[in-house]
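Structure first, then comments.
Order of the sequence lines fixes the chain letters, A, B, ..., with proteins taken first and strands second; residue numbering starts at 1 for each chain.
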Protein chains: 2
Amino acid sequence: MSERARTPYILLGLLCHEPMTGYELNATIQRTVGHFWQESFGQLYPTLKDLHARGLVSMSASAAGGRDRKVYTITDDGRAALFRWLAEPPQPSVVRSELLLKVFLASLGGVDDLRPHLEAAVRAANAQITHLTAVRAAVDAEPATEHQRRCWLLTVDLGLRSAEATRAWAERALSEGT
Amino acid sequence: MSERARTPYILLGLLCHEPMTGYELNATIQRTVGHFWQESFGQLYPTLKDLHARGLVSMSASAAGGRDRKVYTITDDGRAALFRWLAEPPQPSVVRSELLLKVFLASLGGVDDLRPHLEAAVRAANAQITHLTAVRAAVDAEPATEHQRRCWLLTVDLGLRSAEATRAWAERALSEGT
DNA sequence: CTTCCATATATCTGACAGATATGTCCGAAC
DNA sequence: GTTCGGACATATCTGTCAGATATATGGAAG
C-alpha cells in the first residue's frame, strides 16, 4: 500500500462512525458517497487485511453461529493516519469520459450515430438528479450532527449541479444537431 | 486486450486523421481531448504493439537516420473495429473525487481543514476555464471541417459548464462556511 | 422443499496511471 | 566548441483498482 492508495482512507473514515464488516462498509459507501466514490470487494477485503496488519484497525471475527463475520474497529493510529491524509491537498481526479470521446470521434462517422448516445445521457442525468434528490431528503432523516449533514449535503449539491449541467449540455446538443 | 479496454479506440480514432508515432499520439491526445481523456506511455506503447499484432494498424519503422521512429497507420479492419465501438452505447464513467471525499469526511475533523481545499478547487476551476477558453479559440484556427469543429467544441463546452458549476459550488461553500 | 435474495468472505484477471530507464537531436548559453 | 537543457522517441515495471468469479449461510416467499 503506497502513498497513492485512497481505498484505505474511505474505510478509515467510515469506521470512525462505527465498527463494521467489509460487507457493511461497501453498502455504506454506496448509500452515502456512491454518487462520487465507488469501491469493489476486490479492493476492499485486501485493504482491510492490510489495514489490520498495519494496526490501523482492529478485527474481531465471529465464525461461530454459522455465518462468517469480521467486524473492524478503527484504532488511534488509524485515526491519526486518516487526519494526516485529510489535511493534505486532494489530488485532482483522473477524468475519462467515454461519452465525450465518442462525441469527439463522431466527426468521423456522422452525427446520426451520436443522437442515441446524447439521449441516453439526458436519461442518465435525469436518473441521477432523481436519485440525488432522494439522497438529499434522506440526509435530513439521518441521525447525525448538523455539521455532518452540512458536509454530506455539500457533496450531494455538487453532484446535482454537475448532473444538471450535463443534462442542459446534452439537450442543447440534441436541439442544435443539424 | 479485452472488451473493456478503451485505449485502443482513441488511438484508432486519431490515426483516422493521419499516421502518427506513439509520441505524437500522446501529444495529440493532450492537445485535443486532454480535458476529458488521458493516456500514459505505459498504456500507449503496449496497446500500439497489440493493435499491430491484430492487424488493426500497420507499422513502418525507421531506425535509420539515428532517432527511433515507428509510424502507425490505421487499416480497414481498424476502421471497422472503431466504428463498431463508436455505435455501442458509452459506458458510464467511474467517478472518484478525492475533493468530495475529503469534504464528506470533514465532518470528522472540523471545517477549518476544508477551506484550503475549497480555495484550491476554485483556483483549479479558474485555471481549467482559462485553459478551455484557449482551446475553444484554437479549435477555430484548426484546419478541419465544420462538422469536426462542432464535435470538438461540444466536448469543450461540457468541460466549461462543469468547471463553472464546480467553481460556483466551491465559492458558495466558502461563503456559507460558518 | 426449493428457489431466490441478502449477507458475508475471498481471489483472479486485466486495465490503467505514474515512475523509471534509455537514448538521440538540436539550439542556446558560455 | 562544448556542455546543458529541452523536445523527440521508445519501452518496461510497480501498484491501484474495477469487474468477474467462487463459495457458503440464513431467511422469506412460493
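Considering only the side chain of B/Arg67, D/dC8 comes nearest among C/dA17, D/dC8, D/dC17. The side chain of B/Asp68 lies closest to D/dT10 when the candidates are D/dT10, C/dT9, D/dC8. Of the candidate nucleotides C/dA10, D/dT10, D/dC17, C/dA10 has the atom nearest to the side chain of A/Tyr45. Closest to the B/Gln43 side chain, of the nucleotides D/dA11, C/dA15, C/dG18, is C/dA15.
Among the heavy atoms of the strands lying under 4.0 Å from B/Gly22 are primed sugar atoms or P, OP1, OP2 only; no base atom is included.
Whole-Å rounding puts the B/Glu98 CD to D/dC17 C1' distance at 14 Å. At whole-Å resolution of the value, OH in B/Tyr23 and P in D/dA7 are 7 Å apart.
An OP1 or OP2 oxygen of D/dC17 is reached within less than 4.0 angstrom by a side-chain nitrogen or oxygen of A/Arg6. Of the side-chain N and O atoms in B/Lys49, none sit less than 4.0 angstrom from OP1 or OP2 of D/dT10. One finds a side-chain N or O of A/Arg96 lying less than 4.0 angstrom from the OP1 or OP2 phosphate oxygen of C/dC16.
Two residues are said to be in side-chain contact when any heavy atoms from C-beta on lie closer than 4.5 Å; A/Val122 and A/Leu118 fail this criterion. In this structure the side chain of B/Leu108 reaches within 4.5 angstrom of the side chain of A/His17, judged on heavy atoms.
Positionally, the nearest nucleotide of DNA chain D for B/Arg69 lies more toward the 5' end than for the other of A/Thr7 and B/Arg69. Between A/Arg4 and A/Thr21, the one whose closest nucleotide on DNA chain C sits nearer the 5' end is A/Thr21. Annotation: of the two residues near DNA chain D, B/Gly42 and A/Trp37, the 5′-most nearest-nucleotide partner is B/Gly42.
Taking every heavy atom of both residues into account, A/Ile74 and A/Leu15 meet most closely at CG2-O, 3.6 Å.
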- Message: Applying side chain to side chain donor-acceptor pair (under 3.5 Å) to A/Arg6 and A/Thr47, what does each step give before you reach the verdict?
- Response: CA-CA 10 Å; A/Arg6 291 157 308 165; A/Thr47 302; over 6 Å; no

